[in-house]
Amino acid sequence: MVKDEDVGEFICNECGLVILEDMLDLRPEWRAFTLEESRAKRRTGPPTDYSRYDKGLSTTMWITRDASGQPIPSKARQQMWRLRRWQIRSTMHGKSRNLMKAMDVIQRLSEKLHISSSVQETAAMLYRKALDKDLVRGRSIASIAAAALYAACRLTEIPRSLEEMAKVSLREKKEIASGYRILVRRLKIKMPIHDPLNHLTKIAEKAEISGEVQGLAVKILREAKQKHMTLGKDPRGVAAAVLYVACQLKNKDVTQKRIADAANITEVTIRNRKKELMKRLSILRKRRRQLKKDRF
DNA sequence: CTTTAGACGAAGTATTA
DNA sequence: TAATAATTCGTCTAAAG
């Protein structure tokens with residue numbers, strides 16, 4: 001990870017992805033001289049960050065003297081007036097109002113889908129960028145906010161599906177999907193390729209598959225990855241198929257349908273992935289012969 | 001009757017020129 | 001931006017248990 005101080009961005013040196021614009025000053029904005037004071041001033045709730053709709057700018061500026069008590073030169077004061085005006089305007093209407101609403105949506109959806117605050121911040125950052133580029137005009141705030149959150153999940157490889165997003169946001173999947181595509185295209189986001197491993201436990205849990213079988217599934221998946229069988233395939237399909245064959249090896253009675261439902265894919269996809277796995281993975285070779293024998 | 005396997009076209013996605 | 005290739009999905013048919 002490269003920290004580029006000049007432009008204030010973190011850049012991943014593998015994929016060139018810009019992680020975060022505007023570096024944050026993480027120091028507290030207050031000082032405390034006693035323990036009591038410290039306790040009183042300590043805030044609850046989130047620190048100043050991208051989830052705050054105005055980056056903390058709503059603090060009122062009203063200063064005529066500098067820190068040492070000297071009057072501030074008029075030129076500088078004029079500038080401060082301009083800043084203050086801009087600040088007032090930004091809190092009252094226009095984009096900030098928009099942002100406020102979007103942050104609210106992001107927060108609500110995140111709660112429902114158990115999405116961590118760091119991912120929320122990524123989503124907020126994406127939304128802010130979208131707003132700067134005028135991508136929200138003509139589209140609903142809620143759908144773009146949901147799209148930003150979905151994009152943030154994919155960026156951080158948190159497995160949350162479009163379907164889940166659509167369900168909690170009460171919007172059409174199509175709408176969020178198109179918003180997502182616009183974000184990716186216009187913000188030039190480079191999406192990491194999902195590792196099926198990230199989906200494996202989630203699917204297994206939903207389908208109520210034991211940890212023992214999961215362990216075997218992970219092993220199978222490892223070999224599949226080595227042989228580059230996972231690239232370009234739906235990671236959920238791969239994870240589901242691997243789980244399915246693991247169940248068979250352990251003689252667990254689990255139907256394709258059960259796993260397919262848990263993974264939100266179809267049985268067809270599981271079958272296709274399974275066929276490939278059986279053909280090419282050595283782990284499955286022995287067992288395949290045995291299964292064949294058992295039939296006679 | 002349920003599960004699994006396979007085939008086909010439709011639909012949406014990614015890559016390339 | 002448009003064409004091309006690869007992938008998934010829905011549905012149907014059929015075999016196996």
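Everything numeric here is computed off the predicted structure, so don't read it as measured data. Letters A, B, ... mirror the listed sequences (proteins, then strands); counts begin at 1.
Considering all non-hydrogen atoms of both residues, A/Leu216 and A/Ala246 come closest at CD2-O, 3.8 Å. Taking both residues in full, the closest heavy atoms of A/Ile115 and A/Gln120 are given as O-NE2, 3.3 Å, listed atom of the first, atom of the second, then distance.
For residues 129-176 of chain A, the pairs satisfying ring pair (Phe, Tyr, Trp, His ring centres under 6.0 Å) are A/Tyr150-A/Tyr180, with sequence neighbours left out. Sequence neighbours left out, the pairs with a member in residues 198-235 of chain A that pass ring pair (Phe, Tyr, Trp, His ring centres under 6.0 Å) are A/His194-A/His199. Residue pairs that meet the ring pair (Phe, Tyr, Trp, His ring centres under 6.0 Å) test with at least one member in residues 154-176 of chain A, sequence neighbours left out, do not exist here.
For A/Glu163, the side chain to side chain contact (heavy atoms under 4.5 Å, CB included) criterion is met by A/Ser161, A/Lys173, not counting sequence neighbours. By the salt bridge (charged side-chain N to carboxylate O under 4.0 Å, His left out) test, A/Arg258 pairs with no residue at all, sequence neighbours left out. When the ring-ring contact (aromatic ring centres under 6.0 Å, His included) test is applied to A/Tyr244, no partner is found at least two apart in sequence or on another chain. Partners of A/Lys167 according to the side chain to side chain contact (heavy atoms under 4.5 Å, CB included) rule, which considers only residues two or more places apart in sequence or in another chain, do not exist here. For A/Lys233, there are no salt bridge (charged side-chain N to carboxylate O under 4.0 Å, His left out) partners two or more places apart in sequence or in a different chain.
Distance alone, capped at 3.5 Å, places no donor-acceptor pair between the A/Lys101 side chain and the A/Ile141 backbone.
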Any protein N or O atoms within reach of nucleotides 1-7 of chain C? Criterion: under 3.5 Å, listing atom names and distances.
unit_1	atom_1	unit_2	atom_2	d
C/dT7	OP1	A/Lys233	NZ	3.2

Review item, nucleotides 11-17 of chain B N/O atoms under 3.5 Å of protein N/O:
none

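A distance of 5.0 Å separates NZ of A/Lys225 from CG of A/Leu197, quoted to the nearest 0.5 Å.
Consecutive Watson-Crick or G-U pairs involving DNA chain C, each under 3.5 Å on both distances, make up stems of three or more pairs at B:1-11 with C:7-17, B:13-17 with C:1-5.
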Base versus backbone protein contacts along nucleotides 2-10 of chain B [heavy-atom cut-off under 4.0 Å; B, S, -]:
-SSBB----

